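This report concerns only the one structure given below.
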Amino acid sequence: MKMKILMVTSESLPFVKTGGLGDVSFSLTKALNKLGIQVDLILPLYGFINIKDTKKIGEFNIFMGKKFPVELFSKKISGIRFIFVSSPVHFNRKGVYGEAKEYKDNWERFGIFSKAAADFANREKYHILHANDWQSALSLLYLRKMKSPVSRFFTIHNISYQGNFPAWTSRPLGLEEEFHPEGVEFFGKLSFLKAGIVYSEIITTVSPTHSREILTPEFGFGMEGILRKRRNDLFGVLNGIDTEVWNPKNDPLIRCSYSTENLSGKEKCKEELIKKAKIKFSPLIAMISRIAPQKGFDLLIKSLEKILALRISMIILGRGENSMLGKLKEWEKKNQQAMRVFNVFDEELAHQIIAGADIYLMPSKFEPCGLTQMYALRYGTVPVVRAVGGLNDTVDDFKFERYQSEALAETLGRAVKTFRNDKKKWENLIKKGMSRDFSWLKSAGEYVKLYQISMIRRRLWNL
Ligand code: ADP
């Protein structure tokens with residue numbers, strides 16, 4: 001019998017991506033299907049998603065204080081069966097989430113999405129519903145409430161985003177019965193993320209190191225207590241990367257291809273990037289990231305004086321918080337030949353920077369897995385990282401522990417020195433990184449094993 005999984009997510013390529021979740025939902029689903037299990041992917045039909053020739057496959061009336069009609073459409077794309085949940089009043093907006101007023105009803109938007117996913121999984125007799133992050137976590141609780149035989153699997157991609165809403169939302173969400181400290185209540189609020197943790201058979205997060213970190217107050221964001229209770233059901237599975245999309249041998253988004261046998265293409269990529277960024281000094285140090293406290297931008301800003309004194313060039317591609325962005329722009333203004341900040345979301349530029357840079361910097365405060373350091377390794381760009389979460393699990397050479405500018409500057413300084421003084425060693429570092437295997441094959445296999453455990457538990461726990 002073929003295992004049948006419904007992957008529930010608020011983001012997936014090729015339609016919607018604000019961060020790593022968009023990459024991972026798509027590439028993991030692809031990898032699992034290649035392993036011979038059937039994984040379909042369900043996501044909201046955001047207003048900006050433009051698809052033709054979809055098939056209507058159902059409709060549900062969902063009660064959330066009042067009745068909302070929801071329609072489901074499906075289409076096979078890139079070998080995956082996508083299912084779209086359409087509720088124009090909730091999803092026909094410019095963006096995806098955001099802090100703006102227009103997203104004040106996120107509890108209702110993702111409550112409805114989660115309920116539709118649960119109804120669909122139950123109706124179609126999926127073996128497992130695999131929910132991802134807070135936006136889809138309630139689907140697990142709704143399955144339980146309908147006493148569904150579908151097994152409940154939850155992955156935490158970022159524990160700092162929890163979907164915590166005012167207590168009164170428990171009523172329209174139909175969760176008054178579960179609104180208590182052993183259920184969905186979290187310091188007086190209703191927490192979607194906590195529902196995922198409490199009501200799933202298996203919980204995973206996206207790297208082994210992070211699965212241990214989130215049991216501590218430093219990294220647990222208040223969920224450490226409830227996670228410790230469930231530590232025997234918690235696993236860390238390292239994310240893989242899409243090695244078809246991220247392949248320096250054959251990447252349509254960069255002008256020159258290269259491999260470990262012939263690195264000259266990387267030099268050309270670097271020249272192009274220097275021209276584009278109009279910077280002067282070498283090595284080129286790059287960051288591609290949401291500009292958020294998580295990613296260590298406060299530490300970077302504190303360290304910039306020391307870093308720029310190394311006479312290097314710094315390229316940052318990122319969108320995010322204006323206060324940090326403003327400070328980075330000030331530094332850029334004062335150091336025109338050494339620093340460039342691209343404040344856009346640009347997939348093509350991301351590939352060009354990963355290919356053309358020498359060093360990739362990731363001084364994260366916390367990092368559940370992180371994808372860009374793996375892209376960097378694959379493109380022969382040497383990462384310098386803080387030893388947390390997935391960064392600790394994927395990077396061997398230049399990493400620092402303390403969240404302090406001395407530690408960052410010292411480690412980056414060592415990398416710059418090696419780049420300048422020991423060409424042979426640098427080339428070996430490049431080649432070693434490029435030879436690493438970050439494909440999904442191994443990790444997707446781990447998910448299959450955990451899916452099997454999840455299904456067995458559903459049956460046993462039901463007894
Ligand atoms: P997170 O999910 O915490 O944002 P990850 O490293 O897991 O961090 O994933 C981030 C993804 O978003 C990567 O694929 C990265 O290339 C991409 N990304 C982030 N910012 C930008 C940007 N400004 N332009 C293009 N891609 C970006």
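Note that ligands are numbered from 1 as they come in the structure, with each ligand's atoms numbered from 1 the same way. Note that this is a predicted model, so its numbers are computed, not measured. Throughout, numbering of the chain's residues begins at 1 and tracks the sequence.
The number of heavy-atom neighbours closer than 6.0 Å to NZ of K431, taken from other residues, nucleotides and ligands shown, is above 12.
Using a 4.0 Å cut-off between heavy atoms, K17 contacts ligand 1 through its side chain alone, with no backbone atom that close. The part of Y375 lying near ligand 1 is the side chain, judged by heavy-atom distances below 4.0 Å. At a heavy-atom cutoff of 4.0 Å, ligand 1 is contacted by the side chain of D23 but not by its backbone.
Nearest protein heavy-atom neighbour of atom 6 (O) of ligand 1: L371 N, 3.0 Å. Regarding atom 26 (N) of ligand 1, its nearest protein heavy-atom neighbour is F345 CZ, 3.6 Å. Of the protein's heavy atoms, D346 N, 3.0 Å lies nearest to atom 24 (N) of ligand 1.
By the 3.5 Å distance cut-off applied to N or O atoms, G20 is counted among the residues near ligand 1. Residue-to-ligand polar distances keep T18 apart from ligand 1: every N/O pair is separated by 3.5 Å or more. At a 3.5 angstrom cut-off on N or O pairs, E347 does not count as close to ligand 1. Where the criterion is an N or O separation shorter than 3.5 Å, residue side chain and backbone included, A350 fails it with respect to ligand 1. The shortest N/O to N/O separation between K295 and ligand 1 falls below 3.5 Å. In terms of polar-atom proximity, N158 is not counted as a contact of ligand 1, lacking any N or O under 3.5 Å from an N or O of the ligand. Backbone and side-chain nitrogen or oxygen atoms of V344 are examined, and one is located within less than 3.5 angstrom of a nitrogen or oxygen of ligand 1.
Distance check, rounded to the nearest 0.5 Å: CD1 of I359 to CD1 of I315 gives 12.0 Å.
A perpendicular orientation is assigned to the rings of F82 and F15, their planes being inclined by more than 60° (bins at 30° and 60°).
Donor-acceptor pairing under 3.5 Å is lacking for the side chains of Y161 and Q294. A donor-acceptor pair shorter than 3.5 Å cannot be found between the side chains of D105 and H90. S439 and T243 share no side-chain donor-acceptor pair at under 3.5 Å. Between K266 and T381, the side chains place a donor N or O and an acceptor N or O closer than 3.5 Å (distance only, hydrogens not considered).
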Query - CA sep, side-chain torsions, deciding dist, call: Y360, Y379, ring pair (Phe, Tyr, Trp, His ring centres under 6.0 Å) - result: CA-CA 10 Å; Y360 191 77; Y379 280 66; over 10 Å; no
Query raised in the report: Should F297 and K327 be marked as a side-chain contact (heavy atoms from CB on, under 4.5 Å) after you check the CA-CA gap, both sets of side-chain angles, and the distance that decides it?
Result: CA-CA 10 Å; F297 279 98; K327 288 193 185 122; over 6 Å; no
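When each of F165, W134, F192, Y142 is paired with F110, the ring pair (Phe, Tyr, Trp, His ring centres under 6.0 Å) condition holds for W134 and for no other.
Applying the 4.0 Å criterion to heavy atoms of T372 picks out, from ligand 1, the atoms 6 (O), 13 (C), 15 (C), 16 (O). Which parts of ligand 1 touch R290 is read off a 4.0 Å heavy-atom cut-off, strictly below it: atoms 1 (P), 3 (O), 4 (O). Within ligand 1, the atoms closer than 4.0 Å to a non-hydrogen atom of G318 are 23 (N), numbered from 1 in the order shown.
The heavy-atom pair separating K295 from M287 by the smallest distance is O-CE, 4.2 Å.
Between atom 20 (N) of ligand 1 and the options S289, C369, P368, G390, the minimum heavy-atom separation is to S289.
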